[in-house]
Number of protein chains: 2
Amino acid sequence: MAKRQYELGTAELQILRVLWSAGPCTVRDVLERLHEQGRKLAYTTVQTFLTRLEQKGFVQSDKTGLAYVFEATLSRTRLRKSRVKSLVSQLYDGAAAPLVLQLIRSEQFTKDEIQKLHALIDELDQTETDSDS
Amino acid sequence: MAKRQYELGTAELQILRVLWSAGPCTVRDVLERLHEQGRKLAYTTVQTFLTRLEQKGFVQSDKTGLAYVFEATLSRTRLRKSRVKSLVSQLYDGAAAPLVLQLIRSEQFTKDEIQKLHALIDELDQTETDSDS
DNA sequence: CCGCTTCTCCTACAACTGTCGGAGGTATCC
DNA sequence: GGATACCTCCGACAGTTGTAGGAGAAGCGG
């Protein structure tokens with residue numbers, strides 16, 4: 001009885017990312033994308049990852065033509081949420097605000113992004129004030 | 001030639017977190033903290049983690065009294081930065097703004113936090129406008 | 001001094017992850 | 001129809017992580 005909870009390794013995540021950006025892929029498609037990115041892996045390595053991802057329930061496959069076509073079932077949005085949640089709980093004591101502050105302080109944003117942020121914050125401010133009175 | 005880059009497992013991170021919150025600790029200190037948190041581990045398990053963390057360079061130990069005292073050398077701030085960086089690069093294509101937006105949209109903040117955010121954004125807005133003109 | 005508690009050191013082991021090779025099927029191209 | 005090119009399936013292996021037990025040193029209460 002050691003580990004039981006399936007996680008995503010970084011290499012597996014890289015495969016998933018290909019599926020997100022390229023849509024349904026065969027093993028070879030994924031392999032080629034990875035090669036384009038400078039990531040050299042053997043064909044069977046990619047195949048292993050895809051199989052394991054399927055076992056973990058993060059992708060699904062269909063054999064319509066000659067080869068299996070794999071597609072992500074775990075969406076990037078879902079993974080984002082889950083990763084952010086565990087980041088916040090593990091390193092920020094569950095409080096998201098310090099993370100937001102850190103991000104804003106340390107990252108460069110474009111004017112557009114700042115605009116959006118501004119709008120959002122104003123909105124927050126508004127609702128908060130409302131609900132408070 | 002498989003993996004080479006040392007990472008922090010979640011269990012190891014939990015140990016580190018104890019060190020951050022409690023300061024320098026012996027194996028037993030850590031064990032007790034974990035027990036208080038409802039985390040049941042054997043004494044030697046904790047010891048193994050501490051040893052491994054030391055090998056990875058994330059903690060250091062001194063034997064001043066009877067037992068070794070372990071102290072984190074990796075700060076929470078540093079780890080936060082590194083984790084956030086890899087989160088952003090792996091799941092947000094390197095752009096922090098969408099993460100900020102996501103956080104703001106999905107999290108509840110206190111008035112104080114909103115205040116701070118507001119101030120910060122205003123500041124950003126300012127500098128951005130300045131440097132732009 | 002003797003046993004009990006506590007520490008350290010070493011070893012172990014199962015599950016998970018990264019990485020691949022070989023065996024064997026099928027389609028394809030002269 | 002045999003060589004060529006792919007594809008799938010299965011097994012393998014080393015390194016990492018989670019978890020712990022046993023052997024042996026060292027201090028403490030009686």
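Letters go in sequence order (proteins before strands), and every chain restarts at 1. Just so we're clear, the structure is a prediction, and the values are computed from it rather than from any experiment.
- Regarding contacts with the backbone of D:dT19, every side-chain N or O of B:Thr45 stays at 4.0 angstrom or more from both OP1 and OP2.
- In this structure, the side chain of B:Trp20 engages the main chain of B:Leu74 through a donor-acceptor pair within 3.5 Å.
- Atom CD in A:Glu7 sits about 12 Å away from atom C1' in D:dG18, given to the nearest Å.
- Summarising the geometry, the separation between CG on B:Leu53 and C1' on D:dG18 is reported as 12 Å, rounded to the nearest angstrom.
- For the pair A:Thr10 and C:dT17, the criterion of a side-chain N or O lying under 4.0 Å from OP1 or OP2 is not met.
- When the P atom of D:dT16 is taken as reference, atom CZ of B:Phe49 falls 15 Å away, rounded to whole Å.
- Within residues 84-92 of chain B, no residue approaches DNA chain C, by heavy-atom distance under 4.0 Å.
- As a whole-Å value, the separation of A:Leu50 CG from C:dC20 P is 14 Å.
- Between the CD atom of A:Glu12 and the C1' atom of C:dA15 there is a distance of 13 Å, given to the nearest Å.
- What separates NZ of A:Lys56 from P of C:dA15 is a distance of 15 Å, to the nearest Å.
- In this structure, the side chain of A:Ser82 does not engage the main chain of A:Arg78 through any donor-acceptor pair within 3.5 Å.
- Distance CZ (B:Arg52) to C1' (D:dG15): 11 Å, rounded to an integer number of Å.
- Although no hydrogens or angles enter the test, the distance criterion places no donor-acceptor pair under 3.5 Å between the side chain of A:Ser61 and the main chain of A:Glu54.
- A:Lys63 places no side-chain N or O within donor-acceptor distance of the main-chain N or O of A:Val69, the cut-off being under 3.5 Å.
- For B:Leu19 against B:Phe70, the heavy-atom pair with the smallest separation is CD2-O, 3.7 Å.
- Using a distance-only test at 3.5 Å, with no hydrogens or angles considered, a donor-acceptor pair links the side chain of A:Thr48 to the main chain of A:Thr44.
- Taking hydrophobic clusters as Ile, Leu, Val, Met, Phe, Trp and Tyr residues chained together by side-chain heavy-atom distances below 4.5 Å, A:Tyr68 does not share a cluster with A:Leu66.
- At least one donor-acceptor pair under 3.5 Å links the side chain of B:Arg80 to the backbone N or O of A:Leu91.
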N/O-N/O pairs, protein side and nucleotides 5-10 of chain D side, under 3.5 Å:
| from | atom 1 | to | atom 2 | distance (Å) |
| --- | --- | --- | --- | --- |
| D:dC7 | OP2 | A:Arg28 | NE | 2.5 |
| D:dC7 | OP2 | A:Arg28 | NH2 | 2.7 |
| D:dC7 | OP2 | A:Tyr43 | OH | 3.2 |
| D:dC7 | O5' | A:Tyr43 | OH | 3.3 |
| D:dT8 | OP1 | A:Tyr68 | N | 2.7 |
| D:dT8 | OP2 | A:Tyr43 | OH | 3.2 |
| D:dC9 | N4 | A:Gln47 | OE1 | 3.3 |

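- For B:Lys85, there are no side-chain contact (heavy atoms from CB on, under 4.5 Å) partners two or more places apart in sequence or in a different chain.
- Atom CG of B:Leu31 is separated from atom C1' of C:dT6 by 12 Å (rounded to the nearest Å).
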